[in-house]
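Data first, discussion second: the structure below is written as structure tokens.
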Amino acid sequence: MNGAIGMDDSEGGPARPAEGRIGEWPGDVARAEALQQRLAPLVREEHLDADAVSLVAGLDVAYSADDDVLAAAVVVLAAPDWRTVDSATVVAQPRFPYVPGLFAFREAPPLLEAVARLETAPDVLVCDGFGVAHPRRFGLACHVGLALDRPVLGVGKTPFVGSAQPPAAERGSWSPLVDGGEVVGRCLRTRAGVKPVYVSVGHRVDLPSAGDLALRLAPQYRLPEPIRSADRLCRERLAAAA
DNA sequence: GCGACAG
DNA sequence: ATCTTGTCGC
């Protein structure tokens, strides 16, 4: 691995300008991090009535064992029973290796392409990963949120940054996820006695709204239904591609 | 300096 | 993320 990690067209040709469009690889790690720092202040937190939401999209990506192929999936579910009403998938090659903190540069491009193929516009999108619970306060859910200018939240299975007290055992209890003295997310128990999930703001939603919606989206299982559906679909799509 | 580190 | 079966419990 070298400075221009994983870049195919960085050998030989003239250096590409680092224009910084969301969804494009900025050229190297330093530029990618600088882009996140520059975009982080653009994240907006707005109240969203979780009970009024009717169309929610879940986003996820699956990889082949050798990391040569990926399948991105978006599934749109409708309230109140979260039935699938639309979906789209994209099969592609990973353009960048997994680097903690730069996860979005790997997953956002194929996910955004899949979203573009939907016929149904969701009210909110849920990413498998984090939003502002990120070293530079700009995780995958923020990348997707700013790119689409839509409400987006992130739900992760393990904490990335910060720490939280274990929430009480009953479903619905939560504790703040704190990093560097800042509340960057919510540690939320979606199932009694089961390991909690970590919810954070992506864009155009505030943390209480994101927490409420995440809980409403997970009436039965630990993970929100949109993420479960997207996870299932991208695995199926990957298997079909291979 | 060392370890940890979303998926 | 992915490699992987059965098993215990509600």
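Per chain, numbering begins at 1; letters A, B, ... match sequence-line order.
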Would you tabulate the nitrogen or oxygen pairs shorter than 3.5 Å linking the protein to nucleotides 1-4 of chain C?
none

Any base atoms under 4.0 Å from [X], or only sugar-phosphate, or nothing? Heavy atoms, all strands.
X: A/Leu140; value: base
X: A/Gly154; value: nothing
X: A/Leu111; value: nothing
X: A/Gly139; value: base

(request) Would you give the length of the straight line joining atom CG of A/Leu233 to atom OG1 of A/Thr89, rounded to the nearest 0.5 angstrom? (result) 6.0 Å

(message) Tell me whether A/Asp212 is salt-bridged to A/Arg216, with the criterion being a basic N under 4.0 Å from an acidic carboxylate O.
(response) no

(message) Taking salt bridge (Lys or Arg N to Asp or Glu O under 4.0 Å) as the cut-off, I'd like each qualifying pair that reaches into residues 83-94 of chain A, sequence neighbours left out, listed once.
(response) A/Asp81-A/Arg83

(request) Provide the full list of salt bridge (Lys or Arg N to Asp or Glu O under 4.0 Å) pairs with a residue in residues 108-130 of chain A, sequence neighbours left out, each pair given once. (result) A/Glu113-A/Arg117, A/Asp128-A/Lys157

(request) Check side chain to side chain donor-acceptor pair (under 3.5 Å) between A/Arg150 and all other residues, then give those that pass, not counting sequence neighbours. (result) none

(request) At under 4.0 Å between heavy atoms, which parts of nucleotides 5-10 of chain C does protein reach? Answer with one letter per nucleotide, 5' to 3': B base, S sugar-phosphate only, - none. (result) ------

(request) Among Ile, Leu, Val, Met, Phe, Trp and Tyr joined by side-chain contacts under 4.5 Å, find the other residues sharing a cluster with A/Val90 and list them by chain and number. (result) none

(message) My understanding is that a hydrophobic cluster links ILVMFWY residues whose side chain heavy atoms are under 4.5 Å apart, including indirect links. Using that, what else belongs to the cluster containing A/Tyr198?
(response) A/Phe130, A/Phe160, A/Val161, A/Leu177, A/Val184

(request) Just grab all the side-chain hydrogen bond (donor to acceptor under 3.5 Å, both in side chains) pairs involving residues 171-180 of chain A, residues at least two apart or on different chains. (result) A/Arg137-A/Asp179

(message) Tell me which residues in residues 202-210 of chain A lie within less than 4.0 Å of DNA chain B, going by non-hydrogen atoms.
(response) none

(message) Could you write out DNA chain C as dot-bracket? Rules: Watson-Crick or G-U wobble, both distances under 3.5 Å, brackets [ ] for crossings, | for pairs with another strand, dot for unpaired.
(response) ..........

(message) Reading DNA chain B in the 5' to 3' direction, which nucleotide is the first one with an atom under 4.0 Å from a heavy atom of chain A, and which is the last?
(response) B/dC5 to B/dG7

(request) Check whether any side-chain heavy atom of A/Leu48 lies under 4.5 Å from a side-chain heavy atom of A/Asp206, and answer yes or no. (result) no

(request) May I ask you to check if A/Arg106 and A/Tyr98 form a cation-pi contact, with NZ or CZ under 6.0 angstrom from the six-membered ring centre and within 45° of the axis? (result) no

(message) If you compare all heavy atoms of A/Val152 against all heavy atoms of A/Ala141, which two are closest, and at what distance to 0.1 Å?
(response) CG1-O, 3.4 Å

(request) Run the ring-centre check on A/His143 versus A/Phe105 and record whether the distance is less than 6.0 Å. (result) yes

(message) Could you write out DNA chain B as dot-bracket? Rules: Watson-Crick or G-U wobble, both distances under 3.5 Å, brackets [ ] for crossings, | for pairs with another strand, dot for unpaired.
(response) .......

